[in-house]
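To start, the structure under review is shown below, and the notes come after it.
Residue numbers begin at 1 in each chain, while the letters A, B, ... track the order of the sequences. Every value quoted in this text rests on a predicted model; they were computed, and no experiment measured them.
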Amino acid sequence: MTNATSPDTYKRLLEVKGLQTYFKTDAGIVKAVDGISFTLNKGETLGIVGESGSGKSVTNLSIMRLIPSPPGKIVGGEVLFEGKDILKLSESELRHLRGNDISMIFQDPMTSLNPFLRISTQMIETIRLHKTMSRKEALAKSIEMLKLVGIPAAEERIHSYPHQFSGGMRQRVMIAMALSCEAKILIADEPTTALDVTIQAQILELIQELSKKLDTAVILITHDLGVVAGMCDTVCVMYAGKIVEKAKTDDLYAKPSHPYTFGLIQSVPRLDKAHDGKLFSIEGQPPNVIDLPPCCPFHPRCHKAMDICRTKYPPTKDLGNGHEVSCWLFIDEKEHSHE
Amino acid sequence: MTKYIIRRLLGIIPTLLVIITISFFIIRVAPGGPFDGERALPEVVKRNIEAKYHMNDPLIVQYGRYMFDVLRGDLGPSYRYKDHDVNFYIFQSLPNSMILGAIAISLSIIFGITSGMLAAVKQNTWVDYLSMALAVVGISVPLFVIGPVLQYIFAMRLGWFPTSGWFRSGDGWKTIVLPALTLAFADFATIARLTRSSMLETLRSDYIRTAKAKGMKPSAIIFKHSMKGAMLPIVSYLGPAFAGIITGSVVVETVFRIPGLGRFFVQSSFNRDYTLIVGVVIVYSVILVIMNFLVDIVYSLLDPRITYK
Amino acid sequence: MNLFNKKSNKLQTTNEFNQVVVGNSLTKDAWRRLKKNKMAVISVIIVIVYILLATLAPILPIYPYDEIILDHQHLKPSFSKNAGELLMEKRLADIYTQAWRQGRMQVSEAEEEMLWAWIDSSNANKVWDYMFVVGSEQVAEGTYTLTAAEKRIIENLEKKLQTDLQITVKKVWYTNSETGKKENVARLPVEQVVEIYAEMVGASIASVSNQYEREIEQQLVKVIMAQNTGLTPEEYLLLYDKKLESMSEREHDKLIKENVFSKIVSYAKDIASQDLKTAATDASAEFPLDKEISILGSLSADVEATRKHDRQYYLGTDNQGRDMLSRIIYGGQVSIAIGFIGTITSVLIGIVLGSLAGYLGGKVDYFIMRIVDIMYGLPYMLLVIIAMAIFGRNILNLFFALAIISWLTISRMVRGQIMSLKNQEFIEAARSMGAPTWRIIFKHLVPNSLSVIIVFSTLRIPSFIMTESFLSYLGLGVQAPYASWGSLVGDAVGGMTLYPWKLFFPAATMTIFLFAMNFLGDGLRDAFDPQSKNQL
């Protein structure tokens with residue numbers, strides 16, 4: 001882990017390079033994801049953090065090529081899974097990849113399971129899509145998976161319909177289903193947002209535990225920095241469709257460089273540090289990403305904004321040990337003139 | 001489940017009671033009945049007739065007797081035709097209407113669902129535009145325009161089908177094609193539009209996204225994961241659809257001169273033959289009520305979320 | 001437009017990125033989306049044109065919709081030829097066809113075959129059209145000569161076309177022999193009008209008054225009989241006496257004056273038509289004409305006269321020689337009015353009952369919804385037919401019957417909307433401030449479900465029009481001389497091979513309107529509920 005920056009191709013499971021996903025709307029083109037890059041290594045847990053609308057979910061739907069089109073379209077970039085560009089796969093290759101190599105858990109367990117089909121049907125079907133198994137074997141495997149995620153009386157309950165489960169239970173079912181084909185990457189898109197706080201911790205623990213057990217790399221999308229601190233090895237902070245800071249989790253917390261990240265960390269309520277009773281908050285609203293002029297999208301809310309922030313998007317600066325930041329604060333005048 | 005069915009069956013009773021009560025008062029209260037017609041009847045004759053039809057009993061007794069008769073399945077004598085009672089005429093014409101209606105509703109369901117599904121799956125292609133254009137025609141153009149237009153084109157100009165007649169009266173099976181198509185058109189249109197929009201909605205739902213993320217084939221997604229959910233609005237539309245078929249058959253039977261219940265209904269409403277009109281309405285209502293009941297049962301079988309409490 | 005743009009420019013606010021910040025008003029948003037939908041915009045224009053035509057019908061330069069001219073039965077639509085020319089064409093085609101059938105006119109073998117094929121497929125119109133052309137050619141070339149009888153027929157028709165006049169008496173003037181003052185008879189007091197009439201026909205005032213009293217009685221009894229069916233003659237007389245008693249002196253006088261004046265007018269018309277007919281025959285007068293004609297000594301009349309067969313029927317005529325164009329426009333008036341008024345009534349009933357059920361809940365809700373459930377189980381269309389059969393077939397009954405049965409769906413919808421809205425915070429707030437129930441319902445809840453109601457109503461109008469025309473088609477709706485699109489189609493179906501225009505034009509007019517309404521409704525729905533289309 002200490003040497004992650006060295007080129008180590010076999011360890012790089014997923015590489016996203018300059019991904020751009022735009023949506024065409026009545027009001028104009030929404031640049032939901034605009035040129036982001038990151039790498040996911042084997043067994044690693046990557047966190048993507050940002051406010052709602054910052055493009056976290058679109059990023060991950062783009063990786064799976066699940067963007068509803070029209071109106072959405074992936075207009076540029078590469079998504080390399082084990083060296084192959086997912087964006088260039090044929091439909092059938094893509095189907096083989098989905099669920100088998102990369103699987104997903106969605107935000108709302110209430111709507112993500114098909115309400116008209118029994119849990120057993122949905123699980124068996126997933127397994128049999130990617131593994132040559134008889135129906136019976138698949139059922140046994142499903143029950144085993146359900147037990148693994150902690151569903152009591154799985155043998156009986158597997159024949160129920162989704163509406164007979166609680167929200168937390170349904171999310172467990174989703175996790176069981178996602179991991180039933182031993183996927184190499186699990187994308188969890190805000191898996192706990194729709195759940196009660198007590199259940200949230202259980203579900204996150206479950207994901208962590210199972211990913212360790214099955215050696216699955218995880219991309220965890222969340223707006224909760226607390227979750228990231230507890231679970232992730234690496235963190236990407238997204239703002240208005242771009243990654244503004246990327247670092248090892250410990251580095252990020254120790255040395256938040258981008259004013260936005262700084263603000264985010266400051267605004268998390270913490271018991272150990274008393275902030276004279278008042279929480280820090282970032283003033284203002286995230287921008288509308290339609291027809292954004294060239295500038296740092298954060299500048300109106302930034303307390304360290306400079307003139308250049310209003311006219312030009314900052315380049316990415318490597319601060320060492322994989323800590324990258326996109327902010328004019330870290331660009332020297334000299335470097336700037338070279339741009 | 002059994003409990004649910006029983007509860008629904010009990011729910012039918014008030015509807016039937018209302019229908020019978022309305023029917024009774026229509027016959028009793030309606031002015032311009034068969035006897036205060038054009039000529040003034042002599043007092044004696046009038047009294048005889050009143051006695052025959054039990055018109056001078058107290059109203060409540062009449063009501064009770066009527067209710068009893070209807071529940072027994074006796075719809076009473078016709079005011080206009082003296083040879084037979086209402087039951088005779090209804091049982092003569094009802095099978096014709098039922099055959100026509102059954103064919104029409106099957107056609108509209110089969111073609112409606114097929115073209116609606118195609119339109120949704122091939123959204124924004126010519127398939128979509130064509131079937132939706134056809135559906136808009138079906139919704140905007142009244143039956144009594146479609147009927148004559150089909151008659152004009154396929155019967156008079158092309159000569160493929162006869163303009164009127166009925167196969168049970170010995171005019172060949174071809175006689176049923178145009179009326180059935182005409183009758184099916186409006187419901188076809190609604191079902192096609194409903195199917196398309198509910199299919200599109202289903203295809204956008206989260207659980208379909210899950211299915212895609214699992215790597216399922218588009219065909220499996222459509223038939224295994226979307227069909228059931230997308231069909232629910234269509235099933236609940238079937239109740240109104242049956243009502244529409246009944247109403248429509250009144251026009252279609254008139255246009256194509258089919259000896260069905262609908263045509264009888266129109267004729268007897270011109271004749272002011274109230275017992276016959278009311279008899280037809282009761283029969284139609286009972287059919288409608290039974291159909292609605294069946295639709296409810298089918299719906300509850302389709303949707304696992306419905307509880308039978 | 002410019003002014004408007006400037007104004008809205010001023011109001012625009014921008015954020016730090018120079019992006020225009022647009023308020024998220026639902027109606028504004030919906031309006032913007034609607035304007036983008038081409039079909040919806042076209043539909044709006046069509047609907048407006050129809051409504052204008054229907055409302056402006058009385059002042060449009062069209063023939064009266066109920067004017068029967070029996071000579072002009074089933075004339076085909078034509079922009080270039082007037083009724084006289086069409087009549088002549090029809091007669092000639094008839095003569096030539098007869099001549100061919102009787103073997104007096106020769107045509108080539110190929111033509112013969114073609115004509116017989118048409119006859120076999122009962123395509124009489126084509127045969128006549130063709131024979132008219134062939135016959136005219138042959139007469140011009142001299143290969144066929146008309147027989148004496150045929151010539152006489154044609155001459156008679158020509159004369160008839162020349163001399164048949166349509167005369168309207170606009171005003172009748174009375175010149176007072178003593179003062180020499182000219183007065184409008186219609187404005188004179190009753191006694192004087194009666195006097196003038198008595199003088200005109202040379203009868204005593206007593207006999208004149210005897211006559212009009214009798215006629216007025218007949219007229220009133222007729223009205224009473226139309227209003228109340230199924231009564232004995234004695235009862236009618238009783239009602240008549242009551243009616244006479246209830247009438248004031250002035251009303252009575254007015255009836256007398258109307259009666260006598262109409263007689264004077266028809267007398268004047270008789271005399272004027274005799275004069276003008278001779279003028280038309282020897283071509284000593286120009287038509288159309290508008291002048292004063294003296295009738296009898298002290299009486300004269302302003303008379304307007306046109307040749308009856310100079311009329312033009314752009315969309316043809318019906319089986320009684322009525323102009324289809326004006327019948328379609330007036331029919332549209334009836335259909336559109338029923339569509340709109342019926343929808344408004346049923347929506348109002350639906351809103352009141354639906355919101356009461358939704359907001360109050362409990363027993364009220366249960367009761368109203370049970371009624372709705374039961375009524376849903378009825379074949380309501382048939383009940384409307386029964387209602388029409390019982391209460392008489394007129395527009396008002398039709399409209400009530402339709403409104404009473406069509407509030408069910410809207411009330412269910414409003415109930416659903418209200419139930420989902422009533423637990424929201426702004427309602428809690430209103431309630432906590434002590435707003436009365438009706439105010440919460442009609443000031444907070446109903447306006448918030450308005451978009452759903454508007455969309456539904458728009459889609460409801462075409463179905464209302466369809467229902468009305470359905471009944472009229474069966475002959476159970478609008479009755480002659482009134483027309484509606486449905487009754488026009490119904491009247492036309494019988495003769496659709498011979499007179500296809502009678503079916504085509506009303507059907508097309510109605511269909512276009514229904515199309516437009518449906519597209520407009522769909523457009524509104526998509527505009528108010530963009531979720532229904534795939535937009536981000």
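The stretch residues 508-517 of chain C places C:Met510, C:Thr511, C:Leu514, C:Phe515 near chain B, each with some heavy atom under 4.5 Å from a heavy atom of that chain.
When every heavy atom of B:Pro14 is checked against every heavy atom of C:Arg370, the shortest pair comes out as CG-NH2, 3.7 Å.
Applying the side-chain hydrogen bond (donor to acceptor under 3.5 Å, both in side chains) test to every pair with at least one member in residues 244-253 of chain B, sequence neighbours left out, gives these pairs: B:Ser97-B:Glu253.
Within the 4.5 angstrom heavy-atom criterion, no atom of C:Ser463 approaches chain B. With a threshold of 4.5 angstrom between heavy atoms, B:Phe144 approaches chain C through its backbone and through its side chain. Proximity to chain C (any heavy atom under 4.5 Å) is restricted, for B:Ile22, to the side chain, taken from C-beta onward. Neither the backbone nor the side chain of B:Val280 comes within contact range of chain C; no heavy atoms are under 4.5 Å apart. With a threshold of 4.5 angstrom between heavy atoms, B:Val137 approaches chain C through its backbone and through its side chain. When heavy atoms are compared at a cutoff of 4.5 Å, B:Leu288 approaches chain C solely by way of its side chain, counted from C-beta outward. Proximity to chain C (any heavy atom under 4.5 Å) is shown, for B:Val281, by both the backbone and the side chain. In this structure, the portions of B:Val136 lying under 4.5 Å from any heavy atom of chain C include both its backbone and its side chain.
Evaluation of the side-chain hydrogen bond (donor to acceptor under 3.5 Å, both in side chains) rule for C:Ser406 yields no partner, not counting sequence neighbours. For C:Ala507, the side-chain contact (heavy atoms from CB on, under 4.5 Å) partners are B:Val145, C:Val489, not counting sequence neighbours.
Interface summary for chain C: among B:Met291, B:Glu201, B:Arg193, the most heavy-atom pairs under 4.5 angstrom belong to B:Arg193. Comparing B:Ile287, B:Val250, B:Val251, B:Val255 by heavy-atom pairs within less than 4.5 Å of chain C, the highest count is held by B:Val251.
The number of heavy-atom neighbours closer than 6.0 Å to OH of C:Tyr50, taken from other residues, nucleotides and ligands shown, is above 12.
Between the CD1 atom in C:Ile465 and the OG atom in B:Ser140 there is a gap of 11.0 Å [rounded to 0.5 Å]. Rounded to the nearest 0.5 angstrom, B:Ile139 CD1 and C:Leu459 CG are separated by 8.5 Å. To the nearest 0.5 Å, atom CD of residue B:Gln267 and atom CG of residue C:Leu474 are 11.5 Å apart.
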